[in-house]
Asks: 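I'd like to ask you about the structure that follows.
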Amino acid sequence: QKKIIENKNSKALFFKKNLLFKIEQFILRFSFFKEIYKKLSFTNKFEKFLMKKKIDLLFFNAPYEISLLVSKINFVIFLLSMQHRTHGFFPEYKKGHDNEIRDDIVNNAVKKSFKIFVGAEKDKSLLIKFFDADENKIMIQPYTFTLPNLYKGNLNFDYKKLFNNLSLPQKKIFIYPAQFWAHKNHKYIIDICINLKKENKNDIYFVFCGYDNGNLNYIKKLINKNSLEDYIKIFDYLDNFQLISLYLNCQGVVMPSYIGHTTIPMYEAFFFQKNIFYTKGLSDNSVKDHLTEIDINNSESFLDNLQKIEKDKEQNEIKLKNAYKFYHEHCDEKKVINNFQEVFAEYKKIRELWD
């Protein structure tokens with residue numbers, strides 16, 4: 001990462017998380033030690049490093065726990081979905097003190113940050129509702145992603161050959177590029193396949209790809225139990241070029257998730273002009289018209305909507321073109337850069353008020 005940044009003619013600093021820092025980060029989770037640091041005017045190693053380098057403003061591009069150590073330097077932060085507050089019953093939110101740390105990071109951002117970026121209007125509403133945030137400091141910005149720009153920079157790459165090397169059957173391919181969390185609801189697609197098998201339909205094939213986060217073995221067991229190997233393929237890992245080849249050659253993206261008012265695969269589907277089947281009522285209103293909503297409590301909903309699309313291909317093409325247009329109006333790299341620059345310029349002007 002440091003080399004990539006430096007190759008773009010920008011400066012890069014590397015902060016090494018040694019054992020002493022890790023111990024300090026752990027103890028400063030507790031209010032008792034925080035008060036000691038305050039009373040004795042101690043500065044933690046991370047902030048001391050930043051102050052020595054004369055950093056004026058930090059930008060955290062995700063809700064990192066290390067942001068909790070920042071008290072003397074101003075910062076901007078990009079927060080993810082607030083749905084750990086509405087869907088805290090999923091096992092991934094119950095591990096250790098995960099939810100408490102999430103809340104600590106958000107609360108700290110609400111109280112101390114200069115600006116907060118979130119991915120959707122619904123996330124902004126939840127941030128205000130659950131954390132009493134000032135709406136004027138919250139900025140809406142779609143998540144940044146790699147594949148569209150990588151594709152535009154490598155148009156001559158042989159994606160078809162790469163796709164063929166994946167050895168997938170000659171069927172209608174639908175992909176679900178998501179990590180294996182319980183809330184991603186891969187089981188819904190398994191239920192679809194069970195129905196397909198009962199009806200002796202074998203022209204549809206699903207591809208799962210993403211890292212395991214505790215639910216992969218369960219999904220594999222369900223596939224084996226129901227003998228669905230002819231309907232589903234799991235790739236534990238695909239590189240970016242392989243994933244692009246899937247987008248280019250698939251029929252669409254299926255995302256029956258419980259979490260995510262907007263997601264990276266959603267915007268990637270917009271860019272590659274692929275239908276995306278998304279949980280009914282979940283998406284942000286800004287993108288709702290560009291999706292095909294499915295009822296994740298009804299495994300027939302996906303096939304019903306797919307049939308509607310196939311019957312009215314002309315209307316569907318209009319929908320895909322509008323989604324592509326939306327992507328370039330809201331998610332293009334230049335647009336994202338401009339949004340960040342506006343915030344940095346605003347801070348720079350205010351920073352000139354003191355020495």
Side-chain angles (χ1 to χ4, degrees), residues 1-2 5 10-85 88 92-119 123-124 126-139 141 213 340 343-355:
Q1 290 293 332
K2 188 172 184 290
I5 293 170
S10 294
K11 294 180 181 179
L13 300 174
F14 182 76
F15 175 74
K16 187 176 181 180
K17 295 183 179 181
N18 58 25
L19 179 60
L20 182 61
F21 164 78
K22 291 177 181 178
I23 293 172
E24 188 176 51
Q25 185 178 29
F26 174 75
I27 65 172
L28 287 176
R29 289 181 184 175
F30 305 99
S31 57
F32 172 75
F33 291 103
K34 286 181 180 178
E35 286 302 315
I36 291 177
Y37 267 62
K38 284 181 182 179
K39 288 181 179 180
L40 298 178
S41 298
F42 287 168
T43 303
N44 64 72
K45 282 183 66 65
F46 178 58
E47 198 157 38
K48 190 180 292 184
F49 169 83
L50 298 170
M51 293 170 70
K52 185 177 180 181
K53 299 298 182 179
K54 298 182 179 180
I55 302 296
D56 288 313
L57 181 71
L58 287 171
F59 172 48
F60 295 103
N61 64 351
Y64 296 115
E65 185 180 347
I66 200 171
S67 66
L68 295 173
L69 297 178
V70 179
S71 60
K72 299 176 183 178
I73 298 173
N74 288 309
F75 67 92
V76 176
I77 191 167
F78 207 132
L79 299 178
L80 302 179
S81 171
M82 307 296 131
Q83 289 177 271
H84 67 287
R85 278 299 192 96
E92 46 265 36
Y93 294 139
K94 291 184 175 294
K95 294 178 181 178
H97 300 285
D98 188 61
N99 261 12
E100 288 81 358
I101 293 173
R102 284 172 181 263
D103 279 355
D104 287 345
I105 293 169
V106 177
N107 276 317
N108 187 64
V110 167
K111 294 174 183 176
K112 298 180 180 179
S113 69
F114 176 66
K115 293 287 183 183
I116 296 172
F117 283 97
V118 294
D123 292 324
K124 179 177 179 177
L126 291 181
L127 185 57
I128 295 170
K129 176 182 178 180
F130 291 123
F131 297 93
D132 196 27
D134 177 8
E135 64 176 322
N136 294 315
K137 73 186 295 182
I138 306 172
M139 313 290 291
Q141 170 60 58
N213 278 290
F340 290 151
V343 170
F344 298 151
E346 181 183 348
Y347 179 78
K348 184 179 180 181
K349 186 175 181 180
I350 293 174
R351 182 62 183 84
E352 292 172 352
L353 300 178
W354 69 92
D355 186 8

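Basis for what follows: all heavy atoms, side chains included, without hydrogens, waters or symmetry-related copies. Remember, predicted model here, so these are calculated numbers, not experimental data.
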Asks: Take Phe75 and Phe59 through the ring-ring contact (aromatic ring centres under 6.0 Å, His included) test and state the conclusion after the steps.
Replies: CA-CA 6 Å; Phe75 67 92; Phe59 172 48; over 10 Å; no
Asks: Hydrogens and angles aside, do Asn74 and Tyr347 bring a side-chain donor and acceptor to less than 3.5 Å of each other?
Replies: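 Tyr347 and Asn74 do have a side-chain donor-acceptor pair below 3.5 Å.
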Asks: Do Lys115 side-chain atoms and Val343 backbone N/O form a donor-acceptor pair below 3.5 Å?
Replies: no
Asks: Taking all heavy atoms of Ile77 and all of Ala62, pick out the closest pair and write down the distance.
Replies: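 Between these two residues, the closest heavy atoms are CG1-O, 3.9 Å.
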Asks: Given side chains that start at C-beta, do those of Glu24 and Phe42 come closer than 4.5 Å, heavy atoms only?
Replies: no
Asks: Side-chain contact test, heavy atoms from C-beta onward, threshold under 4.5 Å: evaluate it for Leu13 versus Ile55 and give yes or no.
Replies: yes
Asks: Identify the heavy atoms of Lys34 and Leu28 that sit nearest to each other, and give their distance.
Replies: CE-O, 2.7 Å
Asks: Do Ile66 and Phe46 touch side chain to side chain, with heavy atoms closer than 4.5 Å?
Replies: yes
Asks: Please confirm whether the backbone N or O of Val110 pairs with a side-chain atom of Lys137, one donor and one acceptor, at under 3.5 Å?
Replies: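 Checked: pair present.
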Asks: Are Lys124 and Ile116 close enough that some pair of their side-chain heavy atoms sits under 4.5 Å apart?
Replies: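 Not in contact.
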Asks: Please answer whether the main-chain N or O of Ile73 pairs with a side-chain N or O of Glu47 as donor and acceptor at a distance below 3.5 Å.
Replies: yes
Asks: If you compare all heavy atoms of Thr43 against all heavy atoms of Lys72, which two are closest, and at what distance to 0.1 Å?
Replies: OG1-NZ, 2.7 Å
Asks: Is a salt bridge present between Glu100 and Arg29, judged by a nitrogen-to-oxygen distance below 4.0 Å?
Replies: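 The answer is no: the pair does not qualify as a salt bridge.
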Asks: For Phe78, which residues count as a ring pair (Phe, Tyr, Trp, His ring centres under 6.0 Å) partner, sequence neighbours excluded?
Replies: Phe117, Tyr143
Asks: Taking the side chain as every heavy atom from C-beta outward, state whether Phe21 and Lys16 have any pair of such atoms under 4.5 Å apart.
Replies: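 No - every pair of side-chain heavy atoms lies 4.5 Å or more apart.
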Asks: Where do Ile105 and Ser67 land on the side chain to side chain contact (heavy atoms under 4.5 Å, CB included) test, with the steps shown first?
Replies: CA-CA 7 Å; Ile105 293 169; Ser67 66; 3.9 Å; yes
Asks: Could you check Asn44, Asp56, Leu58 and say which one makes a side chain to side chain contact (heavy atoms under 4.5 Å, CB included) with Leu50?
Replies: Leu58
Asks: Who pairs with Phe33 by ring pair (Phe, Tyr, Trp, His ring centres under 6.0 Å), at least two apart in sequence or on another chain?
Replies: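 Applying ring pair (Phe, Tyr, Trp, His ring centres under 6.0 Å) to Phe33 gives none.
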Asks: Under 3.5 Å, side chain of Glu92 to main-chain N/O of Asn213, donor-acceptor pair present?
Replies: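 No; zero donor-acceptor contacts below 3.5 Å.
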Asks: Which atoms form the tightest heavy-atom contact between Met82 and Asp123, and what is the distance?
Replies: CG-O, 3.8 Å
Asks: Can you confirm whether the side chains of Ser71 and Lys112 place a donor and an acceptor under 3.5 Å from each other?
Replies: no
Asks: Please tell me if the side chains of Val106 and Leu127 come closer than 4.5 Å, counting only heavy atoms from C-beta onward.
Replies: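 The answer is yes, as the side chains (C-beta and beyond) meet within the 4.5 Å cut-off.
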Asks: Between the side chains of Arg85 and Asp103, is the shortest nitrogen-to-carboxylate-oxygen separation below 4.0 Å, so that they form an ion pair?
Replies: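 Counted as a salt bridge, because a side-chain N and a carboxylate O are separated by less than 4.0 Å.
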